[in-house]
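Protein chains get the first letters and strands the later ones, always in sequence-line order, with residue 1 at the start of each.
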Number of protein chains: 2
Amino acid sequence: MSLPIPGSAVRGSKTGKPIMALLDLLGRTWCLGVIWQLRQGTLSFSELQLRCENISPTLLTKRLKELQQTNLIEKNLQGYQLTAIGFALFQVIAPLSQWSKLWQLSFEEQSMLQESENE
Amino acid sequence: MSLPIPGSAVRGSKTGKPIMALLDLLGRTWCLGVIWQLRQGTLSFSELQLRCENISPTLLTKRLKELQQTNLIEKNLQGYQLTAIGFALFQVIAPLSQWSKLWQLSFEEQSMLQESENE
DNA sequence: GTACTTTACTACATAAAGTGTAGTTAGGTT
DNA sequence: AACCTAACTACACTTTATGTAGTAAAGTAC
């Protein structure tokens with residue numbers, strides 16, 4: 001898969017609208033997960049692997065390269081960390097955590113409705 | 001791929017933490033793109049297909065099913081639209097658009113640095 | 001009311017992406 | 001110098017996604 005760079009043609013936009021490049025990048029398996037796991041600082045390759053449900057090393061290597069080339073993470077002596085702009089991205093998506101709890105409630109309401117139907 | 005439902009085991013979390021279920025779902029090809037395209041109201045199947053760079057009908061059908069089953073979109077007479085909670089999700093990710101413009105700048109700085117190196 | 005369109009899919013072969021396991025390589029330890 | 005351990009790479013296999021063709025159902029034209 002080619003790198004989604006804002007300004008170049010990407011999956012979803014031939015004009016390379018930055019938001020489309022971003023949605024392409026974030027839509028790749030484990031990409032959001034890696035960013036999420038790095039929110040508190042540096043993690044080594046193997047720590048990341050563990051936290052990402054034993055993602056295969058092949059794919060982790062690939063994602064780490066993509067994320068470095070798209071300026072979201074950088075390598076240091078201890079492992080990988082978010083760049084300044086990568087952390088800014090995390091801050092944008094951080095509210096997903098709160099939202100996901102509401103989302104969970106929507107499933108519980110659904111099953112309660114089903115139960116009352118069965119009475 | 002099994003549906004990521006918060007509260008059940010998903011890719012990334014055996015305990016089914018809602019945020020992990022969410023990151024799994026959003027990390028699927030075109031999922032974020034479909035949500036993004038539906039932000040302004042209802043779109044028909046074929047309109048969605050067009051706006052998502054001619055996503056294959058096979059995959060669009062599959063994603064639409066997943067998004068319905070996870071309470072993010074619903075079908076109406078004219079096509080598909082975000083549910084209330086789906087729209088709330090869009091509002092959470094809407095700031096990505098602004099952020100992606102900053103991100104684009106980071107690439108331009110990078111290429112300017114390279115140019116000055118070559119002098 | 002039947003022939004023609006259009007829309008919304010489904011089927012299926014092909015291509016691309018992701019997994020899992022087994023190496024390899026490069027630093028540090030004994 | 002032999003032995004670890006962490007960080008990868010290689011590769012065969014499986015799962016996902018694509019692209020094209022086909023079907024079904026609803027609307028329109030005559």
Side-chain angles (χ1 to χ4, degrees), chain A residues 1-5 9-14 20-38 41-70 73-82, chain B residues 1-5 9-14 20-38 41-70 73-82:
Chain A
M1 227 183 327
S2 66
L3 264 190
I5 306 286
V10 293
R11 184 173 65 180
S13 171
K14 287 182 175 133
M20 290 304 158
L22 180 60
L23 297 183
D24 178 355
L25 182 64
L26 298 184
R28 298 176 180 197
T29 312
W30 284 115
C31 180
L32 278 165
V34 167
I35 294 168
W36 198 264
Q37 294 301 337
L38 290 177
T42 297
L43 290 179
S44 69
F45 187 91
S46 49
E47 282 170 317
L48 265 175
Q49 214 186 341
L50 269 176
R51 289 175 191 234
C52 292
E53 198 87 348
N54 284 314
I55 176 178
S56 67
T58 318
L59 186 57
L60 181 53
T61 301
K62 195 173 166 186
R63 285 289 171 272
L64 290 173
K65 272 184 193 154
E66 288 170 0
L67 290 170
Q68 283 176 277
Q69 289 173 340
T70 53
I73 67 172
E74 57 199 5
K75 206 172 177 175
N76 62 30
L77 291 173
Q78 286 75 45
Y80 298 89
Q81 66 183 9
L82 294 174
Chain B
M1 227 178 335
S2 66
L3 263 191
I5 307 285
V10 294
R11 182 174 68 178
S13 170
K14 287 181 173 133
M20 290 302 158
L22 180 59
L23 297 182
D24 180 354
L25 182 63
L26 299 183
R28 298 177 182 196
T29 311
W30 284 116
C31 179
L32 278 165
V34 168
I35 294 169
W36 198 264
Q37 293 302 336
L38 291 176
T42 298
L43 291 179
S44 69
F45 187 90
S46 49
E47 281 169 318
L48 263 175
Q49 214 186 341
L50 268 176
R51 289 174 190 236
C52 292
E53 197 87 346
N54 284 309
I55 175 178
S56 67
T58 320
L59 186 57
L60 181 54
T61 301
K62 194 171 168 188
R63 284 290 170 273
L64 290 173
K65 270 184 196 155
E66 287 170 359
L67 289 170
Q68 283 176 278
Q69 291 172 337
T70 52
I73 67 172
E74 58 200 5
K75 206 171 177 174
N76 62 30
L77 291 171
Q78 285 75 44
Y80 298 90
Q81 65 183 10
L82 294 175

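To the nearest angstrom, P of C:dA17 lies 14 Å from CH2 of B:Trp30. In this structure, A:Phe45 places its CZ atom 14 Å from C1' of D:dT5, rounding to the nearest Å. For the pair B:Gln49 CD and C:dC9 P, the interatomic distance rounds to 10 Å; values are reported in whole Å. Whole-Å rounding puts the B:Gln68 CD to C:dA8 C1' distance at 13 Å. As rounded to whole Å, 8 Å separates atom P of D:dA17 from atom CD of B:Glu66. In this structure, A:Lys62 atom NZ and C:dG18 atom C1' are separated by 8 Å, rounded to whole Å. Note: CG (B:Asn54) to P (D:dG19) measures 8 Å, nearest angstrom. Per the geometry, CG belonging to A:Leu59 stands 17 Å off P belonging to D:dA7, to the nearest Å.
In this structure A:Glu47 satisfies the side-chain hydrogen bond (donor to acceptor under 3.5 Å, both in side chains) test together with A:Ser44, sequence neighbours excluded. For A:Thr70, there are no side-chain hydrogen bond (donor to acceptor under 3.5 Å, both in side chains) partners, not counting sequence neighbours. Residues satisfying the side-chain hydrogen bond (donor to acceptor under 3.5 Å, both in side chains) criterion with B:Gln49, sequence neighbours excluded, are absent altogether. Every side-chain contact (heavy atoms from CB on, under 4.5 Å) that B:Gln69 has, sequence neighbours left out, goes to B:Leu3. Under the side-chain hydrogen bond (donor to acceptor under 3.5 Å, both in side chains) criterion, B:Glu74 pairs with B:Gln81, sequence neighbours left out.
Counting only heavy atoms from C-beta on, B:Lys65 has its side chain closest to C:dT10 among C:dT10, D:dG19, D:dC8.
Side-chain contact between B:Leu26 and A:Leu26 is absent, with no heavy-atom pair separated by less than 4.5 Å.
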List, with names and distances, any nitrogen or oxygen atoms from the protein found under 3.5 Å away from nitrogen or oxygen atoms belonging to nucleotides 10-14 of chain D.
from, atom 1, to, atom 2, distance (Å)
D:dA10, N6, A:Thr58, OG1, 3.0
D:dC11, N4, A:Thr58, OG1, 3.4

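As judged by a 4.0 angstrom heavy-atom cut-off over every strand, B:Ser46 is placed among residues touching the sugar-phosphate backbone only.
Annotation: of the two residues near DNA chain C, B:Gly79 and A:Arg63, the 5′-most nearest-nucleotide partner is B:Gly79.
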